[in-house]
Amino acid sequence: MTNPSPTNTLPSNFIRAVIEKNIESNRFAEKKWNGKPGDKSHHNKGSIDKAKIRTRFPPEPNGYLHIGHAKSIFLNFGLAKDYNGACHLRFDDTNPEKENEEFVKGIIDNIKWLGFDWNFNNDSNLYYASDYFELMYSAAESLIHSGQAYVDKQTAEQIKNSRGTLTTPGKDSPWRENQPAENLKLFKEMKLGKYEDGAMVLRAKINMASPNMNLRDPAIYRIKHAKHHKTENQWCIYPMYTFAHPIEDALESITHSICTLEFEDQRPFYEWLLKQLLKNDLLNEPLPKQYEFARLNLTYVVLSKRRLIELVEKNLVNGWDDPRMPTLIGAKRRGYTPEGFKLFTERIGVSKADSWIDYSTLEDCMREVLNESSNRRVAVLDPLKLVINNLPEEFEEDCLAPNHPKKPELGKRTIKLTKELWIEKADFMEEPEKKYFRLFPGNQVRLRYGYVVTCTGCEKDKDGNIIKVLCEYLPNTKSGTPGSDSVKVKGNIHWVSTKYALDAEVSLYDRLFKTEHPGKKSENYLDDINLESVKKIKIKLEENLVNIEPSDQYQFERHGYFICDQESTSENLKINRTVTLRDTWK
RNA sequence: UGGGGAGUCGCCAAGCUGGUUAAGGCACAUGGUUUUGAUCCAUGCAUGCGAAGGUUCGAAUCCUUCCUCCCCAGCCA
């Protein structure tokens, strides 16, 4: 127990356990790979696969990727990397009505952003389910031929009604006993466009009384006269996920097909299909195997595609990349980083238990990464004027501030100290509460990187609002000089010169939903939306930020982490708050 | 009341072919450092593994019964 072996740093989870066992037992030792996906005859012409394992990330290009996908991406690509294997990016584009190129491009960008690619041993493993339509059609034909699929002319409604319920068996379709020859003919006619959408469907012939609903003769091909983003009008019949996915995995020689828990009931069909196609000589052993893990649930967040689409379409957010969105493009614009997501996925682990991760866990990960990587700057978010009375009007002095407190190699920058400064309203209290140690009459604080000052009072307008705080500085207490420690103070406040400060607009984001589990108690998750999830304010920045550009990230000291927005211009600086610093006071 | 899964500290999560005092992370608490009430460092944090029985010298790990939660009846994925 007292030997924490430094080599054993890989996390432990049930999927890694399976992989390690498989590798140890040489399950894939004879597996062939012929440079690209294909059926048995294709791969048999290849050689032993150099990839020890093959995983895949199979998004449907019908929306943007979200944080839940990040978990799957780090899992699949991470596993491949750790075990000297390949991870394919495969677009599961079997439903032309919902899919398009915009989403394909967005998904590719997101995965690259997270730091992954799909190259292995000179192969670019970027595939589309639609690449396999021809092979899938042949597979369907072979199934019909061997009597394991039939064309059903019932309407969708009739099929639904004859499926039975969870506790009662379904009824056989009147077309179930049609002969292969007839089915083959009809299926071909379906393909040729002889029938309208919905006129008939190809079904697997398994068992209408199965306690597993997925085995009650599931539909595997449907008619859709729709233009596909890749194959255009070449097809008017399209395979269903159920049928397509196992075949995609097999053709790509996937070893571990990792998906989420809701597909668990689908696994018997997955295995049934592959076994039939193996028998029909279309596929090789070893066949891919499906493993399921619990999808990510984050408190205060919705992660279902349907809901995200609704938020966008109802203009409840400003598009897919709204910084409040849990999409990867939204998170990126918010200032969340790939390293932060990596830490997050490592921290939450992988298992089969349904779980809800606290949103603060994600924020903590971002803080942890950003604390390390961000240069520091000063910004006053809620400005109040501070006047140093014992300084002449034109006083100007450079103050040296390190770019990073723990990384002196990153150097320092200078900030101009002048007689009039902007400080935070919250850093002054005329009548301090208990334990408050910032500015109040009679108290001393340090102007960070500058001098210690003594507060002498404040001025108010006729309504009693504090409009100006007054103080006097203590010579010889400047930061970095020998006398700087001569006066000990507990408070340390930041400031910017009223003369040199830059103006900017900052968007302060809060969670998009008010409740931990949106929609759980309120029936409709939209009722739980937080109407005050963004607040835009005018702030003052230190002069060194004059050249800040979109995507630049900084820590604004004592506030948090911020990123320059993509719409920012030098005339109109726009900044997003990524996450605040931890605050244990109050 | 069919089938498939899951229940280990506030949140995750190892362990689960039975064997000393139940890993680890996060959170939290208390000290210390600190010119960010941040960071960092140190220490603490489950006689308990959904519950009840049982087997055993010994059980989170095996058996029995029960409880709770999640998923499945798209020509979606």
Side-chain angles (χ1 to χ4, degrees), chain A residues 1 4 11-14 17 58-60 62 92 94-95 97-98 152 154-157 159-161 163-170 197-203 209-216 218-224 237-238 240-242 244-245 259-268 292 294 297 299 305-306 343 346-358 360-361 364-365 367-368 371-372 376 378 401-402 404-406 435-438 445-450 452 479-480 484-485 489-494 555-560 580-586:
Chain A
M1 290 305 269
S12 169
N13 63 51
F14 72 100
E60 182 187 13
N62 69 342
D92 214 345
T94 58
N95 189 349
E97 286 159 339
K98 296 185 174 177
D152 194 337
Q154 292 183 104
T155 63
E157 186 68 16
I159 289 178
K160 181 182 170 147
N161 291 338
R163 184 145 25 225
T165 70
L166 296 179
T167 48
T168 59
D197 287 11
M200 53 189 70
V201 78
L202 184 69
R203 289 229 253 173
S210 172
N212 180 346
M213 298 299 283
N214 297 297
L215 263 23
R216 317 245 262 228
I220 57 177
Y221 255 98
R222 74 295 214 184
I223 301 171
K224 265 185 200 292
I237 57 172
Y238 293 92
M240 302 279 293
Y241 164 87
T242 310
H245 209 87
C259 61
T260 44
L261 253 27
E262 68 269 29
F263 294 102
E264 239 165 350
D265 288 349
Q266 206 88 73
R267 193 172 63 225
E292 310 86 12
N297 292 301
T299 58
K305 233 180 224 182
R306 203 206 94 232
L343 214 210
E346 288 166 356
R347 196 163 278 182
I348 63 176
V350 177
S351 78
K352 297 191 70 152
D354 294 303
S355 60
W356 282 83
I357 308 294
D358 290 339
S360 60
T361 300
D364 280 335
C365 291
R367 283 191 188 100
E368 192 165 323
N371 175 50
E372 196 62 23
R376 314 286 128 128
V378 176
H404 193 118
K406 293 267 164 66
K435 289 190 177 173
Y436 185 84
F437 55 68
R438 280 113 89 183
V445 302
R446 176 173 293 282
L447 296 178
R448 198 162 162 73
Y449 309 129
V452 172
S479 294
S484 70
D485 292 335
V489 294
K490 197 153 187 217
N492 198 307
I493 68 170
H494 65 274
Q555 181 196 100
F556 290 166
E557 298 198 31
R558 301 215 294 137
H559 283 303
T580 60
L581 249 29
R582 284 180 63 184
D583 185 1
T584 50
W585 191 61
K586 284 193 189 179

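Small disclaimer: the values here were computed from a predicted structure and weren't measured. Chain letters run A, B, ... following the sequence lines, proteins first and then strands; every chain starts at 1. Heavy atoms only: backbone and side chains are in, while hydrogens, waters and symmetry mates are out.
Nucleic acid contact class of A/E264 (heavy atoms, under 4.0 Å, all strands): sugar-phosphate only. As judged by a 4.0 angstrom heavy-atom cut-off over every strand, A/I348 is placed among residues touching the sugar-phosphate backbone only. Using a 4.0 Å heavy-atom criterion, one finds that A/K435 contacts the bases of the nucleic acid, with or without backbone contacts as well. Using a 4.0 Å heavy-atom criterion, one finds that A/Y449 contacts the bases of the nucleic acid, with or without backbone contacts as well. No contact: A/F556 has no heavy atom under 4.0 Å from any strand. Residue A/N371 is in sugar-phosphate contact alone, with no base atom involved, counting any heavy-atom pair closer than 4.0 Å across all strands shown. A/Q266 comes within 4.0 angstrom of a base, heavy atoms only.
Of the nucleotides present, B/A29 is the one that pairs with B/U43 by Watson-Crick or G-U wobble criteria, both distances under 3.5 Å. Of the nucleotides present, B/C72 is the one that pairs with B/G2 by Watson-Crick or G-U wobble criteria, both distances under 3.5 Å. Within the shown strands, nothing qualifies as a pairing partner of B/A23 under the Watson-Crick or G-U definition with both distances less than 3.5 Å. With both pairing distances under 3.5 Å, B/G7 is matched to B/C67 as a Watson-Crick or G-U wobble pair. The base-pairing partner of B/C62, taking Watson-Crick or G-U wobble contacts with both distances under 3.5 Å, is B/G54.
Taking the C1' atom of each, B/C11 and B/C28 are spaced 11 Å apart, rounded to whole Å. To the nearest whole angstrom, the two P atoms, one in B/U30 and one in B/A14, are 31 Å apart. Atom C1' of B/U33 sits at a distance of 23 Å from the matching atom of B/C26, rounded to the whole Å. Going from the C1' atom of B/G24 to that of B/A46 covers 14 Å, rounded to whole Å. Using atom C1' as the reference point in both B/G37 and B/G32, the two lie 16 Å apart (nearest Å).
Applying the 4.0 Å criterion to OP1 and OP2 of B/G37, one finds that A/R558 has a side-chain N or O inside that range. One finds a side-chain N or O of A/R163 lying less than 4.0 angstrom from the OP1 or OP2 phosphate oxygen of B/C75. Applying the 4.0 Å criterion to OP1 and OP2 of B/C76, one finds that A/K224 has a side-chain N or O inside that range. Distances shown here put a side-chain N or O of A/R222 below 4.0 Å from the OP1 or OP2 atom of B/A77. Within the 4.0 Å cut-off from OP1 or OP2 of B/A13, not a single side-chain nitrogen or oxygen of A/S12 is found. Considering only side-chain N and O atoms, A/R306 lies nowhere under 4.0 angstrom from the phosphate OP1 or OP2 of B/C76.
Salt bridge A/K352/A/E264: present, at least one basic N to carboxylate O contact under 4.0 Å. Using a cutoff of 4.0 Å between basic side-chain nitrogens and carboxylate oxygens, A/D197 and A/K224 are not scored as salt-bridged. Salt bridge present: A/E368 and A/R347 bring a charged side-chain N and a carboxylate O closer than 4.0 Å. Using a 4.0 Å cut-off between charged nitrogen and carboxylate oxygen, A/K98 and A/E60 do not count as a salt-bridge pair.
At a cut-off of 3.5 angstrom, counting only N and O atoms as typed in the model, there is no donor on one side facing an acceptor on the other between the side-chain of A/R367 and the base of B/U39. Applying the 3.5 Å distance criterion, the base of B/G4 shares no donor-acceptor pair with the side chain of A/N212. Under 3.5 Å, the side chain of A/E372 and the base of B/U39 form no donor-acceptor pair of N or O atoms. With hydrogens and angles left out, the side chain of A/R438 and the base of B/G37 share a donor-acceptor pair within 3.5 Å.
Interatomic distance, A/T155 OG1 to A/K160 NZ, rounded to the nearest 0.5 Å: 11.5 Å.
Under a cutoff of 6.0 Å and an axis angle of 45°, A/R438 and A/W585 form a cation-pi pair.
Rounded to whole Å, atom C1' of B/G24 lies 14 Å from atom CG of A/L343. Atom-to-atom, CZ of A/R376 to P of B/U34 comes out at 18 Å; the value is rounded to the nearest Å. The nearest whole Å value for the distance from the CH2 atom in A/W356 to the P atom in B/G10 is 20 Å. Whole-Å rounding puts the A/D197 CG to B/G74 P distance at 19 Å. For the pair A/R267 CZ and B/C71 P, the interatomic distance rounds to 18 Å; values are reported in whole Å. For A/N214 and B/C76, the CG to C1' distance is 13 Å, given to the nearest whole Å. Atom CG in A/D583 sits about 11 Å away from atom C1' in B/U36, given to the nearest Å. Rounded to an integer number of Å, the gap from A/W585 CH2 to B/G37 P is 11 Å.
For the ring-ring contact (aromatic ring centres under 6.0 Å, His included) test, residues two or more places apart in sequence or in another chain that qualify with A/Y241 are A/H245, A/F263.
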Exercise for review: With side chain to side chain contact (heavy atoms under 4.5 Å, CB included) as the test, would you mind laying out the steps for A/Q154 and A/V201 before giving the verdict?
Suggested key: CA-CA 8 Å; A/Q154 292 183 104; A/V201 78; over 6 Å; no
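For A/D354, the listed nucleotide lying nearest its side chain is B/G5; candidates were B/A73, B/U36, B/G5. Taking every side-chain heavy atom of A/K406 into account, B/C40 is the closest of B/G15, B/A77, B/C40. Closest approach to the A/P211 side chain among B/U39, B/A77, B/G2 is made by B/G2 (side chain taken as heavy atoms from C-beta onward).
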